[in-house]
*Asks:* 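Let me begin by handing over the structure; questions about it come next.
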Amino acid sequence: MRKYIHLYALLLLCAIGASCTAQNQTEASSLQAEEPAVQPSTQAPTNPNEHDPAFVESSWIRAKHGPRSITRNILQDRNGTIWLSTWEGIMSYDGKEFTNWTNKAGLRRFHVFDILEDSRGNLWFSTIGAGVYRYDGKAFTNFSTAEGLVNNRVLCFYEDNSGKIWIGTEQGISVHDGETFQNFTKEDGMIDEDVNTILQDENGRFWIACRGEASFYDGKSFSQITNDQGQAFTNARKLIKDSKGNIWIGGNNGLWRYDGNTYVQLSKNFVGYIYEDRAGNIWTSSQSPENRLKWMLHRYSSTIMPFQTPSPTLIHTEEGMLFGIYEDKDSNIWFGSLAGVGRYDGVNIERFEE
């Protein structure tokens, strides 16, 4: 089980890939986003005993500045709003100011990890300890183990080809069909239950990256993913399928690309996140080989031929971990960090500090 400690201690733990999570029991609720703001100092928790030691309290609802805590993932919805998963809760940015929805809508005070916009336009937010929130543009609905979720500590989402939402947790996978959950754990054959990323390939097979060993799921059984030397991928953090059909794998084993036949290792550094922009460039956030307390934002050019070993361009380096990467509609690259969010316009990086 992950342990959450003070922000500065995270800089020491990032070298071994420690993640920041917290645990507690939850119950379901549906909360209107238009409700009057509920300030942290006066809000009574749903359960008086629930507590997220990693949650960062703040009193603001709207501000020019962005989050000042860990920002794990970024997404721009179909309406153009930027959404952030942060240790201060769920936030959005309309191009002028930020809104803290955890404060505005009186949501449960647990830090947020992943974001998904599904094919119906619903937004999904994963929390560490409070299950998941689904936002339909009017109300936030909280799903937890009370509704059948396998575990309340949720790390990732994926929408499959049939529109089902796959939810990766620290103790298995829940698949939501719009009404009920189907759960997978070690009792169902999972090789490892602590799930970081889920991906469906062109053949319909699921790739599952875990804190332990990564695995395939073919709809019937789970099997280990190994490279061409028969080595397993351990603590794989991120999987993506690029526009050319390649599968990219990042984690403890570095950065790998699979073209359907061969696995090629492109970097040995620990890789936390991978993202493909609209031009086909691959972006990564990874640990510096010279100083493990520093992290790097790299871009691999889309012009590299499949048989070539690409040399990435270093875009940015900073102290502490870098997290999720996202390209907005204006081609800016957003990235999360220990102290908030950055936006790169191709020349400069804006940090939204005030």
*Asks:* Report yes or no: do Asn103 and Arg109 form a side-chain donor-acceptor pair below 3.5 Å?
*Replies:* yes

*Asks:* Examine the side chains of Asn196 and Arg211 and answer whether a donor and an acceptor come within less than 3.5 Å of each other.
*Replies:* no

*Asks:* Could you check whether Ser337 and Arg351, counting side-chain N and O atoms only, form a donor-acceptor pair closer than 3.5 Å?
*Replies:* yes

*Asks:* Can you find a side-chain donor-acceptor pair between Gln224 and Thr226 that sits under 3.5 Å?
*Replies:* no

*Asks:* If you count heavy atoms of other groups shown closer than 6.0 angstrom to NZ of Lys329, is the number above 12?
*Replies:* yes

*Asks:* So among Phe216, Trp166, Phe184, Phe222, which one has a ring pair (Phe, Tyr, Trp, His ring centres under 6.0 Å) with Phe206?
*Replies:* Trp166

*Asks:* Is it the case that the side chains of Arg299 and Tyr344 hold a donor-acceptor pair, with the cut-off being a distance below 3.5 Å and no angle test?
*Replies:* no

*Asks:* Please report the shortest heavy-atom distance between Leu75 and Leu123, naming the atom on each side.
*Replies:* CD2-CD2, 4.0 Å

*Asks:* For a side-chain contact (heavy atoms from CB on, under 4.5 Å) with Ile167, tell me which candidate from Val154, Leu116, Asn183 qualifies.
*Replies:* Val154

*Asks:* Could you tell me if Ser331 and Asp328 have a donor-acceptor pair between their side chains, going purely by distance under 3.5 Å?
*Replies:* no

*Asks:* Going by atom types only, do Trp283 and Asp277 share a side-chain donor-acceptor pair under 3.5 Å?
*Replies:* yes

*Asks:* Please determine if Arg68 and Glu353 form a salt bridge, counting it only when a charged side-chain N lies under 4.0 Å from a carboxylate O.
*Replies:* no

*Asks:* Is the distance between the ring centroids of Tyr326 and Trp83 under 6.0 Å?
*Replies:* no

*Asks:* With ring centroids as reference points, do Tyr135 and Phe140 lie under 6.0 angstrom apart?
*Replies:* yes

*Asks:* Less than 4.0 Å between a side-chain N and a carboxylate O, is that true for Glu327 and Arg278?
*Replies:* yes

*Asks:* State yes or no: are the ring centers of Tyr158 and Trp207 separated by less than 6.0 Å?
*Replies:* no

*Asks:* Under the 3.5 angstrom rule, does the side chain of Asp52 hit a backbone N or O of Gly129 as a donor-acceptor pair?
*Replies:* no

*Asks:* Ring centres under 6.0 Å, that's the criterion: do Phe233 and Tyr263 meet it?
*Replies:* yes

*Asks:* Establish, yes or no, whether a centroid distance under 6.0 Å links the rings of His65 and Phe352.
*Replies:* no

*Asks:* Taking the basic N atoms (NZ, or NE/NH1/NH2) and the acidic carboxylate oxygens, is any pair closer than 4.0 Å for Asp160 and Lys164?
*Replies:* no

*Asks:* Any side-chain donor-acceptor pair under 3.5 Å between Gln171 and Thr185?
*Replies:* no

*Asks:* When the ring centroid of Phe335 is compared with that of Phe323, is the distance short of 6.0 Å?
*Replies:* no

*Asks:* Quick one: does any side-chain atom of Glu88 pair with a main-chain N or O of Ser69 as donor and acceptor, under 3.5 Å?
*Replies:* yes

*Asks:* Would you please indicate if the ring centroids of Phe143 and Tyr133 are separated by under 6.0 Å?
*Replies:* no

*Asks:* Please check if atom CD in Glu187 has more than 12 non-hydrogen atoms from other residues, nucleotides or ligands closer than 6.0 Å.
*Replies:* no

*Asks:* Check the pair Glu276, Ser243 against side-chain hydrogen bond (donor to acceptor under 3.5 Å, both in side chains), reporting the backbone distance first and the verdict last.
*Replies:* CA-CA 8 Å; Glu276 183 184 24; Ser243 55; 2.7 Å; yes

*Asks:* In terms of side-chain heavy atoms, does Ser285 have a donor or acceptor partner in Trp295 at a distance below 3.5 Å?
*Replies:* no

*Asks:* Determine yes or no for a side-chain-to-main-chain donor-acceptor pair under 3.5 angstrom, with Glu117 supplying the side chain and Arg78 the backbone.
*Replies:* yes

*Asks:* Are Glu159 and Ser119 linked by a side-chain donor-acceptor pair shorter than 3.5 Å?
*Replies:* yes

*Asks:* Assess whether a salt bridge exists between Glu193 and Lys186, defined as any Lys/Arg side-chain N lying under 4.0 Å from an Asp/Glu carboxylate O.
*Replies:* no

*Asks:* Using a 4.5 Å cut-off on heavy atoms from C-beta on, say whether the side chain of Thr99 contacts that of Met91.
*Replies:* no

